[in-house]
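Worksheet: one structure, shown below.
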Amino acid sequence: MPVFEPSEGIFDRAYVLSEDYIPDVIRGRDEDIQRYKNLLQPIMDGRDTKSILLYGKTGVGKTVTTRYLTQHLERDINEYHGINLNTIWVLCENINTSYQLAGAIINEIREPENHITPTGYPSEQMFRMMYDELDSLGEHVIIVLDEVDNIGTDDKLLYELPRAGSNNRLQDTKITVIGISNDLRFTDNLRQKVKSSLAQRELQFPPYDANELNEILRDRAEIAFHDGVIENGVIELCSAISANDVGDARQGLDILTEAGEIANREDSEVVTEEHVYRARDALEQDLINDSIGDLTTQGKLVLCSILYFERSNETPVRSKDVYDKYIKLAEYIDTSPVTQRRVRDHLGDLKMQSLILESTKNTGRQEGRYKEYKSYADVDSAISELDKDGTMEPIVELLEALN
DNA sequence: TTTCCACAGGAATTTTTGGAGA
DNA sequence: TCTCCAAAAATTCCTGTGGAAA
């Protein structure tokens, strides 16, 4: 008996809904694509190119458009000139220094068995290895730095990389750097010399409106699902939810995919609006669970402290009391507690991840100014997620006992 | 209008962790 | 095993904040 069998049901070609799928037609971006194409044309003509910085909010088509154009450029330049154009795609999501970026570029070029480790090399050695790898590719290379705004103030490479040819760091390879940023004010925060190197040409992608989202989702749904399985109003609802948020097509596609999977699991023959609402909630919960799973032990302890007060109906709770409880919980599992200052940082991180809510109180001379916290995540779900980490088991039992 | 409270959080520094290479 | 290296986590020190009370 096989363990897995092809799942039948409402999906026809589900991969069409994935992030990696590049459609034949990019909707709602005609003018942007033409301008982008003009900036890449010098590569086709064998002329020097400028670095390009593309920015716009999440899910407005920056990545898919870049993939679409670089893929066509690779094919066309090979057909007309017999030149091999390499595109190196680096997702800078977890990269915040030039050192880490150099390591990521090396690993993009190398085979997995030759990947390097993220630390241990002197900086200059790391940069030299990166330029050697790039030079070994020869001809023309496009380096796409997706979510480049994650690279903070350590931006040496963002300045150097676009100038690598003119600075003789590369002998045999020409490179073009494309930066993609979700932060509309990214260039405002760049040092002038980095800006003039990385963002010689800029392109901004505006958010999609509900009609454009509708078109995108409908196009994909027609291929991804069997005929007639999407009930009237489902596409419009997915578009409306994502347009109402930030005009994010990725979010709309994720909700549609999840709604389809829920319908599939329940052997439903159609995807309904109710599936869409449940999909939205499930995706939100997944995000929270992922955030909890990624917390350090100290971060989990701080969250446990707030969950303790939540279970005791004593929220919102001020930071001082969170710290006192945190100390007790740390002792409870034999972990050395960190300082109050550090716990404030952890509270800030938990707030950033939408796991807790924060409000400021000020009682003047009486008790001064302080912050209060309560859980934003569903308490039962948060506790069950914490339960997956064995080290938190005694505290999870304590929290369960409060129920 | 000034003082005071209790933190909040920025900046600099130190410690810890994990990896490379001799 | 030891030294070097970079990143991340944590600590220490300090100034800033804003509203009620004086």
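Everything numeric in this text was worked out from a predicted model, so none of it was measured. Numbered from 1 within each chain, the chains take letters A, B, ... in sequence-line order.
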Next item on the list: Go through the steps for A:Lys62 and A:Asn182 under the test side-chain hydrogen bond (donor to acceptor under 3.5 Å, both in side chains), then give the verdict.
Entry: CA-CA 9 Å; A:Lys62 304 184 296 296; A:Asn182 295 330; 3.0 Å; yes
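Taking the side chain of A:Tyr121 as heavy atoms from C-beta on, and the options C:dA21, B:dA20, C:dG18, the nearest nucleotide is B:dA20. When distances run from any side-chain atom of A:Ser319 to the nucleotides B:dG21, C:dA10, B:dA8, the shortest one goes to B:dA8. You'll find that the side chain of A:Arg341 is closest to C:dC13, out of C:dC13, C:dC5, C:dA21. For A:Thr119, whose side chain is taken as the heavy atoms from C-beta onward, the closest listed nucleotide among C:dT11, C:dG19, C:dA6 is C:dA6. If you check C:dA7, C:dC5, C:dA21 against the side chain of A:Pro122, the one that comes closest is C:dC5. The nucleotide whose nearest atom lies closest to any side-chain atom of A:Arg344 is, among C:dC5, B:dG19, B:dG9, B:dG9. Between C:dT12, B:dT3, C:dG18, one nucleotide has an atom nearer to the side chain of A:Thr339 than all others, and that is C:dT12.
Of the N and O atoms on the side chains of A:His72 and A:Arg75, at least one donor lies less than 3.5 Å from an acceptor on the other residue.
One can place CE of A:Met126 at 18 Å from P of B:dG18, the figure rounded to the nearest angstrom. Spacing between atom OH of A:Tyr323 and atom P of C:dA10 amounts to 12 Å, rounded to whole angstrom units. Atom P of nucleotide C:dA21 and atom CD of A:Glu367 are separated by 11 Å, given to the nearest angstrom. One interatomic measurement links the two molecules: CD of A:Glu372 to P of B:dC7, which rounds to 11 Å at whole-angstrom precision. Here C:dC14 presents its C1' atom at 15 Å from CD of A:Gln340, a figure rounded to the nearest Å. Per the geometry, CG belonging to A:Asp324 stands 9 Å off P belonging to B:dC7, to the nearest Å. As a whole-Å value, the separation of A:Asp345 CG from B:dA11 P is 13 Å. In this structure, CD1 of A:Ile116 is placed 17 Å from P of C:dC5, rounded to the nearest angstrom.
When the shell of 6.0 Å around CD of A:Glu266 is examined, it contains more than 12 heavy atoms from other residues, nucleotides or ligands. Within 6.0 Å of atom OH in A:Tyr370, more than 12 heavy atoms from other residues, nucleotides or ligands are found, so the atom counts as buried in its surroundings.
A:Glu400 pairs with exactly one of A:Leu402, A:Val396, A:Leu398 by the side-chain contact (heavy atoms from CB on, under 4.5 Å) rule, that one being A:Val396.
Residue A:Thr97 places at least one side-chain N or O under 4.0 Å from the OP1 or OP2 atom of C:dA7. An OP1 or OP2 oxygen of C:dA10 is reached within less than 4.0 angstrom by a side-chain nitrogen or oxygen of A:His346.
The nearest heavy atom of DNA chain B to A:Gly364 and to A:Tyr373 marks one nucleotide each, and the one closer to the 5' end goes with A:Gly364. Nearest-nucleotide mapping onto DNA chain B: of A:Lys371 and A:Gln366, the residue sitting toward the 5' end is A:Gln366.
Using a 4.0 Å heavy-atom distance criterion, A:Thr363 is classed as a sugar-phosphate-only contact. Residue contacts for A:Gln125: at a heavy-atom cut-off of 4.0 Å it reaches the sugar-phosphate backbone alone, with no base atom in range.
A centroid separation of 6.0 Å or more is found between the aromatic rings of A:Phe205 and A:Tyr55.
With hydrogens and angles ignored, no donor-acceptor pair closer than 3.5 Å exists between the side chain of A:Arg342 and the base of C:dT11. Evaluation of atom-type donor-acceptor distances gives no pair under 3.5 Å for the side chain of A:Arg369 against the base of C:dG19.
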